[in-house]
Amino acid sequence: MSDAAAPARVRPDGVHPFPHRHLTGIYGLHPHEIAFLLDEAEQWVALNRGAAKKHDDRLAGLTLINAFFENSTRTLLSFEIAGKRLGADVVNMMVAASSVKKGETLIDTAMTLNAMRADMIVIRHDASGAVQLIADKVDCPVLNAGDGRHEHPTQALLDALTIRRRKGRIAGLTVAICGDVLHSRVARSNILALTALGAEVRVVGPPTLLPAAIEQMGVARFTDFDAGLDGADVVMMLRLQRERMEGGFVPSSREYHTLYGLTPERLKRAAPDALVMHPGPMTRGVEIASSVADDLDRSAVTEQVEMGVAVRMACLDVLTRARRGVGGW
Ligand code: NCD
């Protein structure tokens, strides 16, 4: 598809559909800007299902650097695939093999990436706020691939796209986000995106794993799993993020599964056609039973991964339009 055939870059009323330089979070985005990114992603879903995957080279000549200071499977691979499918040169910087291990500061690393004239930088970091710090220092668009427990905006976008395609809408749906909400950037970005798009969001988990005052984000709080699941249209399960826990937040994995694990029996509490989601990686037998995770009628887990590529293609495209002189702002 050529740029000429692509959807309009600027709305007929002259309003820029996405007037942001970076994608550091869902916070601060207008609902129509979120919907715009989802609409843009739709075009890539069908094309990604075709035999020839590289159908567009709108990012040819641009360099995408994926700088991952934390482990990743899905997010890193899908940003890499997204960049390549649009013709970009993609370089992955893995921290285990970088000068960060020699004590280089984050700012120095950012300045190094900048000096190499990257056109897009995707960052994952274990410190909340690290991505914004880098975004403030470099000359190109920066995309947040997850910073600490703060935000993971492309995950929320791919989750929203998955829900919208499966349910036909987001507004008015009841979405239960269950498990380790406290340590989850996925939960935070999803709460922001789904409430902005009109869903009723519940957070469900043990009191130790629900942030204090979470209700201020416009969600309902449940510590009783069955009550939180009652009639839910979407059940989004989260992993216990033990790498971010200091001390014992749950007695044991077995007890956690008994109280907060999604089993087929438990799922009966939700709406009869409830969609089960998980950002991955799943810990089978802890927050989710294998029989639920693998139930293709209910589980959208692999579709979420598929939507991740389309959403990241859309984000890379939209954020580089100014550099490419297409509908710039
Ligand atoms: C999540 C993350 O890294 O925040 N995974 C992902 O991006 N698919 C959730 C998690 O690690 O549990």
Side-chain angles (χ1 to χ4, degrees), residues 23-27 41 66-83 92 94-96 122-132 142-163 175-194 203-206 209-211 234-245 249-250 253 256-257 260-262 276-288 292-293 299-313 315-316:
L23 181 65
T24 53
I26 299 293
Y27 184 82
N66 289 317
F68 276 58
F69 297 78
E70 248 191 6
N71 293 340
S72 174
T73 303
R74 278 152 284 268
T75 310
L76 174 60
L77 274 178
S78 61
F79 266 115
E80 181 172 1
I81 290 170
N92 295 335
M94 298 309 293
V95 167
V122 176
I123 299 166
R124 167 168 286 195
H125 200 282
D126 62 0
S128 305
V131 176
Q132 187 62 54
V142 169
L143 294 92
N144 183 357
D147 63 327
R149 15 167 137 170
H150 177 224
E151 282 230 41
H152 191 353
T154 56
Q155 179 71 42
L157 293 168
L158 74 88
D159 288 336
L161 185 61
T162 305
I163 296 172
V175 181
I177 303 180
C178 311
D180 184 2
V181 177
L182 180 67
H183 299 100
S184 176
R185 53 200 177 203
V186 174
R188 197 178 152 75
S189 289
N190 261 303
I191 290 169
L192 292 166
L194 295 171
V203 295
V204 189
L209 293 178
L210 296 181
V234 178
V235 181
M236 192 180 286
M237 301 306 300
L238 300 171
R239 182 176 66 89
L240 289 172
Q241 288 143 101
R242 294 189 186 277
E243 72 277 20
R244 293 196 195 111
M245 294 181 192
F249 281 77
V250 291
S253 295
Y256 183 81
H257 182 70
Y260 292 102
L262 189 65
V276 175
M277 302 176 72
H278 194 305
M282 292 188 281
T283 328
R284 290 167 179 265
V286 181
E287 76 274 8
I288 190 164
V292 177
S299 165
V301 172
T302 52
E303 202 171 320
Q304 288 172 266
V305 177
E306 183 187 4
M307 293 308 124
V309 178
V311 152
R312 287 165 182 133
M313 289 171 81
C315 292
L316 294 174

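First listed ligand is number 1; within each ligand, the first listed atom is number 1. Note that this is a predicted model, so its numbers are computed, not measured.
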Judged by atom type as modelled, is there a donor-acceptor pair below 3.5 Å linking the side chain of Arg124 to the main-chain atoms of Gly146? no
Any donor-acceptor pair under 3.5 Å linking the side chain of Ser189 with the backbone of Val186? no
Nearest non-hydrogen partners of Ser253 and Val286, listed with the distance: CB-CG2, 4.1 Å
Backbone N or O of Glu151 within a donor-acceptor pair of the Asp147 side chain at under 3.5 Å? yes
Has Ser128 got a side-chain atom pairing as donor or acceptor with Arg149's backbone, closer than 3.5 angstrom? yes
Does Arg312 make a cation-pi contact with Phe79 (under 6.0 Å, within 45 degrees of the axis)? yes
What short N/O contacts, under 3.5 Å, does ligand 1 make with the protein, listed by atom pair and distance?
from     : atom 1 : to     : atom 2 : distance (Å)
ligand 1 : 3 (O)  : Arg124 : NH1    : 3.3
ligand 1 : 3 (O)  : Arg124 : NH2    : 3.2
ligand 1 : 3 (O)  : Arg185 : NH2    : 2.9
ligand 1 : 4 (O)  : Arg185 : NE     : 2.7
ligand 1 : 4 (O)  : Arg185 : NH2    : 3.3
ligand 1 : 5 (N)  : Gly280 : O      : 2.9
ligand 1 : 7 (O)  : Thr75  : OG1    : 3.1
ligand 1 : 7 (O)  : Arg124 : NH2    : 3.0
ligand 1 : 7 (O)  : His152 : NE2    : 2.7
ligand 1 : 8 (N)  : Gln155 : OE1    : 3.4
ligand 1 : 8 (N)  : Pro279 : O      : 2.9
ligand 1 : 8 (N)  : Gly280 : O      : 3.2
ligand 1 : 11 (O) : Arg239 : NH2    : 2.9
ligand 1 : 12 (O) : Arg239 : NE     : 2.7
ligand 1 : 12 (O) : Arg239 : NH2    : 3.2

